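Taking it in order: structure first as C-alpha cells, then the write-up.
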There are 2 protein chains.
Amino acid sequence: MTDNNDELVDRLRDAGLRPTRQRKSLGNLLFSAGNRHVTAERLHEEAMNAGVAVSLATVYNTLHQFTSAGLLREVAVEGAKTYFDTNTSQHFHFYHEGEGKLVDIPTDMVLLENLPDAPEGTKITQVDVTVRVKKK
Amino acid sequence: MTDNNDELVDRLRDAGLRPTRQRKSLGNLLFSAGNRHVTAERLHEEAMNAGVAVSLATVYNTLHQFTSAGLLREVAVEGAKTYFDTNTSQHFHFYHEGEGKLVDIPTDMVLLENLPDAPEGTKITQVDVTVRVKKK
DNA sequence: CTGTGTGCAAACTCTTTGCATAAGT
DNA sequence: ACTTATGCAAAGAGTTTGCACACAG
C-alpha cells in the first residue's frame, strides 16, 4: 500500500494532477485492490471509514478528474447512479439489479461482432455491454 | 391514428390498464410513429404541444406502467436521464453523447456471442449494448 | 357507486457549483 | 508567494410520493 504511493504519485503527476492528500488517499482506495466498481457515495464512505477526511464534493471532483485523465472509466447503468470502474480497458459487465452491484465479465470470452460503422461524422468513444441479472 | 385507437385500447386492457384519456394519448404519441426513444420530459412536452393536458408525474407513472406491462423497455444510458424505447425486442443502440440522442442499431447485423452464464442463482433480464459516439 | 387514475406540490436522491479557506510547489 | 485543490452549503436536475379530486366501468 504505502509502497504504491510513489507509483501513484507519478501517475497523478503524469496526469497533471497535484498529488494532494485527498487524491492520494482516494487513489489508494481505488487502485490498490484490483478492479473495482464504485459510486461516489461508496468511495466517500470508504474514505471516512479509513479515517480520511474528504468531502463528497471532492470525491466527485476527484473521480471526474481521474476519469478525464484516463485512470477511470465511467459506467452508466441505472437511474442516477454513476459507477466508476478502475478497469479502463474494453470489457463488459453484469449488473445485479437487486443489489446495484456491478461485476466484470472477462472480455476474452465474449464476442461482439459486425457492429455497424459509427454514423456519418461521428466516432465511437466507448462500447458498453451490460447484462442485467436478477435473483430468480 | 384514430384507427389505432381500438388496437391501443385492447393493448391497454390486456395489460390490465384502464384506457384513460391520458394513457390513450400517450400511447398514441408513443406507438403510432414507428420506434421511438423518449424521455419522460420529452414526451410530456409532446403531449402539451399536441394539446393534451397531462402532468409530468402522470407521464412518469404511465411510462413505468407501460414498461411493467411490456409495452416499453427502459434504457439506461447516461446520468439521470432514463429513456423509454418502444421497441421491446432485443436490439442495440447508438448513443450520441453530444445531443443525448438514442438510435437503434439493427440487431440482425450484430453478433454478441459467448456470453457467460448468469451468476449462480440469477437470471438475465436484459442485455444492453450501447455504442457511444460523438462528433469528430 | 366503487375503485383506480390523475394532478399538484412537495420531498428525495444524486450530482454540480460558487466562493472563501487551505494546501501544494 | 502563487496557484490549484478542498470543504461547505446551497442550488440543480430528474424522478418519486402522498393525498384530494376526477373519471372509467
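First the proteins, then the strands, lettered A, B, ... as listed; each starts at 1. In this text the structure is predicted, and so the values were computed from the model without any measurement.
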Ion pair B:Lys135/B:Glu99, N-O distance below 4.0 Å: yes

Give a yes/no on whether any side-chain N or O of B:His64 is located under 4.0 angstrom from OP1 or OP2 of D:dT16. yes

Close approaches to DNA chain C from residues 35-51 of chain B, in residue order (heavy atom, under 4.0 Å): none

Pair A:Thr125, B:Glu97 - check side-chain hydrogen bond (donor to acceptor under 3.5 Å, both in side chains), show working. CA-CA 9 Å; A:Thr125 58; B:Glu97 293 184 339; 3.1 Å; yes

Report the distance from atom NE2 of A:His44 to atom CG of A:Asn49, rounding to the nearest 0.5 Å. 10.0 Å

Aromatic B:Phe66 / basic B:Arg11 pairing, under 6.0 angstrom, 45° off normal: no

Side-chain contact test, heavy atoms from C-beta onward, threshold under 4.5 Å: evaluate it for B:Leu102 versus B:Phe94 and give yes or no. no

If only side-chain N and O atoms of B:Tyr60 are considered, is one of them under 4.0 Å from the OP1 or OP2 phosphate oxygen of D:dT15? yes

Is the backbone of B:Ser55 close enough, under 3.5 Å, to the side chain of B:Tyr60 for a donor and an acceptor to pair up by distance? no

Step by step, work out the side-chain hydrogen bond (donor to acceptor under 3.5 Å, both in side chains) result for B:Asp85 and B:His91. CA-CA 10 Å; B:Asp85 188 344; B:His91 70 289; 2.8 Å; yes

Pairwise side-chain contact, B:Leu63 with B:Leu43, heavy-atom cut-off 4.5 Å (strictly under): yes

Kindly say if B:Thr82 contacts the phosphate of D:dG14, meaning a side-chain N or O under 4.0 Å from OP1 or OP2. no

Just how far, in rounded Å, is P of D:dG14 from CD of B:Glu74? 16 Å

Nearest 0.5 Å please: distance from the CZ atom of A:Arg21 over to the CG atom of A:Leu26. 9.5 Å

Atom pair distance, as rounded to whole Å: OH in A:Tyr83 and P in C:dT13: 16 Å

Below 4.0 angstrom, N of the basic side chain to O of the carboxylate: do B:Arg36 and B:Glu46 qualify? yes

Write down the distance between NZ (B:Lys81) and P (D:dA13), rounded to a whole number of angstrom. 10 Å

Is there any protein nitrogen or oxygen under 3.5 Å from a nitrogen or oxygen in nucleotides 4-11 of chain D, and what are the pairs?
residue: D:dT4; atom: O4'; partner: A:Arg18; partner atom: NH1; Å: 3.3
residue: D:dT4; atom: O4'; partner: A:Arg18; partner atom: NH2; Å: 3.1
residue: D:dT4; atom: O2; partner: A:Arg18; partner atom: NH2; Å: 3.1
residue: D:dA5; atom: OP1; partner: A:Arg23; partner atom: NH2; Å: 2.7
residue: D:dA5; atom: O5'; partner: A:Arg23; partner atom: NH2; Å: 3.4
residue: D:dT6; atom: OP1; partner: A:Thr20; partner atom: OG1; Å: 2.7
residue: D:dT6; atom: O3'; partner: A:Gln22; partner atom: NE2; Å: 2.7
residue: D:dG7; atom: OP1; partner: A:Gln22; partner atom: NE2; Å: 3.2
residue: D:dG7; atom: OP1; partner: A:Ala53; partner atom: O; Å: 3.2
residue: D:dG7; atom: OP2; partner: A:Ser55; partner atom: N; Å: 3.1
residue: D:dG7; atom: OP2; partner: A:Ser55; partner atom: OG; Å: 3.4
residue: D:dG7; atom: OP2; partner: A:Thr58; partner atom: OG1; Å: 2.6

Just report the end-to-end axis angle for the helix from C:dC1-D:dG25 to C:dT25-D:dA1, five pairs per end, to 10 degrees. 30°

Lys/Arg N to Asp/Glu carboxylate O, A:Asp128 vs A:Arg73, below 4.0 Å: yes

